[in-house]
Amino acid sequence: MSQFGKEIKKLGFGFMRLPMLEDGEHTDIEQVKQMVDRFMEAGCTYFDTAYVYGKDGESEKAMRAALVERYPRESYTIATKLNAWLACDSEEEAKQQIYTSLERLGTDYVDFYLLHAIQDNNWQRYEEWHLWEYMEELKEKGLVKHWGFSFHATPELLEETLTKHPGAEFVQLQINYADMENPAVQSRACYEVACAHEKPVVVMEPVKGGTLAAPPTTVAEVFDKANAVMGVDFSYASWAIRYAASLDNVMVVLSGMSNLEQMEDNLSFMRHFDPLDLNELGTVGGAQLALKAIDQINCTACHYCMPGCPMNIPIPDFFEAMNWHKIYGNTKRAKFSYGNDVKQAGVKASDCIACGQCEGACPQKLPIISLLEEVAATLED
């Protein structure tokens, strides 16, 4: 799409799950540099980060080191985000985030600035703190070229938001083949609202936090059969990303690539993107039916549930462990993974005090309290 002044290829590089050094605390900048180089060589230019990604802004700082300090500013586009509910306690603090982000990124402006993760439990704050008007002010000052918002709520709230704030130039939505008809996410309905308002869509979570890169056996069999018939070797992630990128009105699909291997795989099918044909769309439809038949915890590991947890329970990690049992029937692996998580965190699922803050913060609207009870009953000896 080129309605923002420059042509943007369909693949975007999400800086949310970057490769880490062995200490598990610091980003592997040298590998990120290699990934950025491959991405740029392929003609891809859209880089996505956020004020709250990584400890003390490590994601934005990594983008500065791997991209901004190494390439001409006009050769790429940067998207970052203002978060008014995880990272600040006042309107003044929220409005300061853009300046901190610019400093971390080492740039005078960002190409795409987003109000971050609007949900049912936080949209009022964006209104009360006048942040929609603030986005317009930032654009007038030249600090922001284009602005929009990322969204994790109902199509009804999206309709209300876009009607009330028509100046938003684009919207970022969670879209993947697993969530199109998921009643907790309602990807298709939200996508259709954005299209009705003629807002370009940025797709996040096309591989659902990486879960669709290694789908359940019954789902994998659908893609394996299609690959064999077509005489190709498309990865499971490629099916997911190409599905999202094939939708009309999609401006870019973000992929949170975590290593050079994932980057190479993504570029193998997105460097010269071809939308899915009717047969391929039928294959994805078969995968959707297979996935629907499986019981699982649909957590995307966004970690929005964690900052306010009084017990510091690593909820996404526990759910990931539980899914080895629920999806694959591998209880031994589930208990092993869960045991390691408990040892590292120093807290168990059964330590949950059912305060409910996690459920209010969860973009997937998961019943986290009851799921943690299930984890405890299944995986704790």
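The chain is numbered in sequence order, starting from 1.
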*Asks:* Hydrophobic clustering (ILVMFWY, side-chain heavy atoms < 4.5 Å, transitive) - are F318 and F336 grouped together?
*Replies:* no
*Asks:* Suppose we screen for ring pair (Phe, Tyr, Trp, His ring centres under 6.0 Å). Which residues come up paired with F39, at least two apart in sequence or across chains?
*Replies:*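 With sequence neighbours excluded, F39 shows a ring pair (Phe, Tyr, Trp, His ring centres under 6.0 Å) to F13, F47, given in chain and number order.
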*Asks:* Provide the closest heavy-atom pair for Q97 versus L82 in the form atom of the first, atom of the second, distance.
*Replies:*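 Shortest heavy-atom contact: OE1-CA, 3.4 Å.
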*Asks:* Tell me, which pairs form a ring pair (Phe, Tyr, Trp, His ring centres under 6.0 Å) where one or both residues lie in residues 58-96, sequence neighbours left out?
*Replies:*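 Every ring pair (Phe, Tyr, Trp, His ring centres under 6.0 Å) pair that includes a residue of residues 58-96, provided the two are not neighbours, is W85-Y304.
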*Asks:* Nearest heavy-atom pair of I175 and A244: which atoms, and what distance?
*Replies:*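 Where I175 meets A244 most closely, the heavy atoms are O-CB, 4.2 Å.
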*Asks:* Treating S187 as the side-chain partner and Q174 as the backbone partner, does any N or O pair qualify as donor plus acceptor under 3.5 Å?
*Replies:*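 Yes; at least one donor-acceptor contact below 3.5 Å.
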*Asks:* Please step through side chain to side chain contact (heavy atoms under 4.5 Å, CB included) for the pair L254 and V203, ending with a clear verdict.
*Replies:* CA-CA 6 Å; L254 301 177; V203 172; over 6 Å; no
*Asks:* Within 45° of the axis and under 6.0 Å from the centre of the six-membered ring of W123, does NZ or CZ of R125 qualify?
*Replies:* no
*Asks:* Taking the side chain as every heavy atom from C-beta outward, state whether C190 and T154 have any pair of such atoms under 4.5 Å apart.
*Replies:*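 No, every pair of side-chain atoms sits at 4.5 Å or beyond.
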*Asks:* According to the salt bridge (charged side-chain N to carboxylate O under 4.0 Å, His left out) rule, which pairs have a member within residues 165-176, sequence neighbours left out?
*Replies:*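 Pairs touching residues 165-176 that pass the test: K139-E169.
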*Asks:* To the closest 0.5 Å, what do you measure between OH (Y191) and CG (L247)?
*Replies:* 4.5 Å
*Asks:* Suppose we screen for side chain to side chain donor-acceptor pair (under 3.5 Å). Which residues come up paired with D108, at least two apart in sequence or across chains?
*Replies:* none
*Asks:* Minimum heavy-atom separation for A290 and I294, please, with both atom names.
*Replies:* O-CG1, 3.6 Å
*Asks:* Rounded to the nearest 0.5 Å, what separation is found between the CG atom of D56 and the OG1 atom of T100?
*Replies:* 11.5 Å
*Asks:* Y243: what forms a ring pair (Phe, Tyr, Trp, His ring centres under 6.0 Å) with it, not counting sequence neighbours?
*Replies:* none
*Asks:* I'd like to know whether Q288 forms a side chain to side chain donor-acceptor pair (under 3.5 Å) with E181, so could you lay out the CA-CA distance, the side-chain angles of the two residues, the decisive distance to 0.1 Å, and finally the verdict.
*Replies:* CA-CA 9 Å; Q288 290 172 317; E181 316 303 337; 5.8 Å; no
*Asks:* Flag yes if M20 and M263 sit in one hydrophobic cluster, no otherwise; membership is Ile, Leu, Val, Met, Phe, Trp, Tyr, and two members link when side-chain heavy atoms are under 4.5 Å apart.
*Replies:* no
*Asks:* To the nearest 0.5 Å, what is the distance between CZ (R271) and CG (N266)?
*Replies:*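 Separation between the atoms: 11.0 Å.
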*Asks:* Do V222 and M180 sit in the same hydrophobic cluster, where Ile, Leu, Val, Met, Phe, Trp and Tyr count as joined when their side-chain heavy atoms come under 4.5 Å apart?
*Replies:*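 V222 does not cluster with M180.
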*Asks:* How about W132 and F149: are their ring centroids closer than 6.0 Å?
*Replies:* yes
*Asks:* List the atom of T300, the atom of R17, and the distance in Å for their closest heavy-atom pair.
*Replies:*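 Here T300 and R17 meet closest at O-NH2, 2.9 Å.
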*Asks:* Let me check something: do M306 and L86 share a hydrophobic cluster, defined by ILVMFWY side-chain heavy atoms less than 4.5 Å apart, either directly or through other members?
*Replies:*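 No, it is not one cluster - the side chains of M306 and L86 are not joined through contacts under 4.5 Å.
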*Asks:* Check step by step if side chain to side chain contact (heavy atoms under 4.5 Å, CB included) holds for F112 and F170.
*Replies:* CA-CA 9 Å; F112 299 94; F170 63 97; 3.7 Å; yes
*Asks:* Under 4.0 Å between a side-chain nitrogen and a carboxylate oxygen: does that hold for K145 and D111?
*Replies:*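 The answer is no: the pair does not qualify as a salt bridge.
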*Asks:* Are L173 and V202 close enough, and set up right, to give a side chain to side chain contact (heavy atoms under 4.5 Å, CB included), and what steps lead you there?
*Replies:* CA-CA 6 Å; L173 299 173; V202 174; over 6 Å; no
*Asks:* May I ask you to establish whether R242 and F273 are in a cation-pi arrangement, using a distance under 6.0 Å from NZ or CZ to the six-membered ring centre and at most 45° from the ring axis?
*Replies:* no
*Asks:* State, to 0.1 Å, how close A178 and L291 come at their nearest heavy-atom pair, and which atoms those are.
*Replies:*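 Scanning both residues completely, I find the closest heavy atoms to be CB-CD2, 3.2 Å.
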*Asks:* Hydrophobic clustering (ILVMFWY, side-chain heavy atoms < 4.5 Å, transitive) - are L105 and Y109 grouped together?
*Replies:* no
*Asks:* Please name the pair of heavy atoms, one in E280 and one in F234, separated by the smallest distance, quoted to 0.1 Å.
*Replies:* OE2-CE1, 3.9 Å
*Asks:* Flag the pair L158 / L162 as yes when at least one side-chain heavy-atom distance between them is below 4.5 Å, and no otherwise.
*Replies:* yes
*Asks:* Apply side chain to side chain donor-acceptor pair (under 3.5 Å) to E91 and list each qualifying residue two or more places apart in sequence or on a separate chain.
*Replies:* K95
*Asks:* If you count heavy atoms of other groups shown closer than 6.0 angstrom to CD of E198, is the number above 12?
*Replies:* no
*Asks:* Which residue pairs pass the salt bridge (charged side-chain N to carboxylate O under 4.0 Å, His left out) test when at least one of the two sits in residues 207-228, sequence neighbours left out?
*Replies:* D179-K208
*Asks:* Roughly how far apart are K292 NZ and T218 OG1, rounded to 0.5 Å?
*Replies:*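 Taking NZ in K292 and OG1 in T218, the distance rounds to 14.0 Å.
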*Asks:* What distance separates D265 CG from I241 CD1, expressed to the nearest 0.5 Å?
*Replies:*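 The CD1 atom of I241 is 7.5 Å from CG of D265, to the nearest 0.5 Å.
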*Asks:* Set out, in order, the CA-CA distance, both residues' side-chain angles and the distance that settles side chain to side chain contact (heavy atoms under 4.5 Å, CB included) for Y53 and H116, then state yes or no.
*Replies:* CA-CA 11 Å; Y53 288 175; H116 194 182; 3.9 Å; yes
*Asks:* Would you check if Y51 and I98 make a side-chain contact, meaning some heavy-atom pair closer than 4.5 Å?
*Replies:*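 Sidechains of I98 and Y51: no contact.
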*Asks:* Between E127 and H165, do the side chains contain an N or O donor and an N or O acceptor separated by less than 3.5 Å?
*Replies:*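 Yes.
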*Asks:* Mark yes or no: K9 above the aromatic ring of Y46, with NZ or CZ under 6.0 Å from the six-membered ring centre and no more than 45 degrees from the axis.
*Replies:*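 No - K9 does not lie over the ring of Y46 by the 6.0 Å and 45° rule.
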*Asks:* Output all residues satisfying side chain to side chain donor-acceptor pair (under 3.5 Å) with E192, sequence neighbours left out; order by chain, then residue number.
*Replies:*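 Side chain to side chain donor-acceptor pair (under 3.5 Å) check on E192 returns nothing, list empty.
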*Asks:* Could you name each residue pair satisfying side chain to side chain donor-acceptor pair (under 3.5 Å) that touches residues 57-67, not counting sequence neighbours?
*Replies:*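 Matches after skipping sequence neighbours: T27-E58, T49-S59, E60-T80, E60-S101, E60-R104, R64-E69.
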*Asks:* Quick one: does any side-chain atom of T378 pair with a main-chain N or O of E374 as donor and acceptor, under 3.5 Å?
*Replies:*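 Yes, T378 side chain to E374 backbone: donor-acceptor pair under 3.5 Å.
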*Asks:* Measuring from atom CG of L157 to atom CD of Q186, what distance do you get when rounded to the nearest 0.5 angstrom?
*Replies:*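 Going from the CG atom of L157 to the CD atom of Q186 covers 11.0 Å.
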*Asks:* Test: salt bridge (charged side-chain N to carboxylate O under 4.0 Å, His left out). Region: residues 27-39. Which pairs qualify, not counting sequence neighbours?
*Replies:* E30-K33, D37-R70, R38-E41, R38-E264
*Asks:* Take Q364 and H152, measure what side chain to side chain donor-acceptor pair (under 3.5 Å) needs, and give me the verdict at the end.
*Replies:* CA-CA 8 Å; Q364 315 308 319; H152 292 280; 4.8 Å; no
*Asks:* Could you go through residues 342-360 and list every donor-acceptor pair under 3.5 Å that involves a side-chain atom there, pairing it with any protein atom two or more places apart or in another chain?
*Replies:*
| from | atom 1 | to | atom 2 | distance (Å) |
| --- | --- | --- | --- | --- |
| S350 | OG | E380 | OE1 | 2.9 |
| S350 | OG | E380 | OE2 | 3.3 |
| D351 | OD2 | K348 | N | 2.8 |
| Q357 | NE2 | C305 | O | 2.7 |
| E359 | OE2 | I368 | N | 3.1 |
| E359 | OE2 | I369 | N | 2.9 |

*Asks:* What pairs with Y177 under ring pair (Phe, Tyr, Trp, His ring centres under 6.0 Å), at least two apart in sequence or on another chain?
*Replies:*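 Residues passing ring pair (Phe, Tyr, Trp, His ring centres under 6.0 Å) with Y177: F223.
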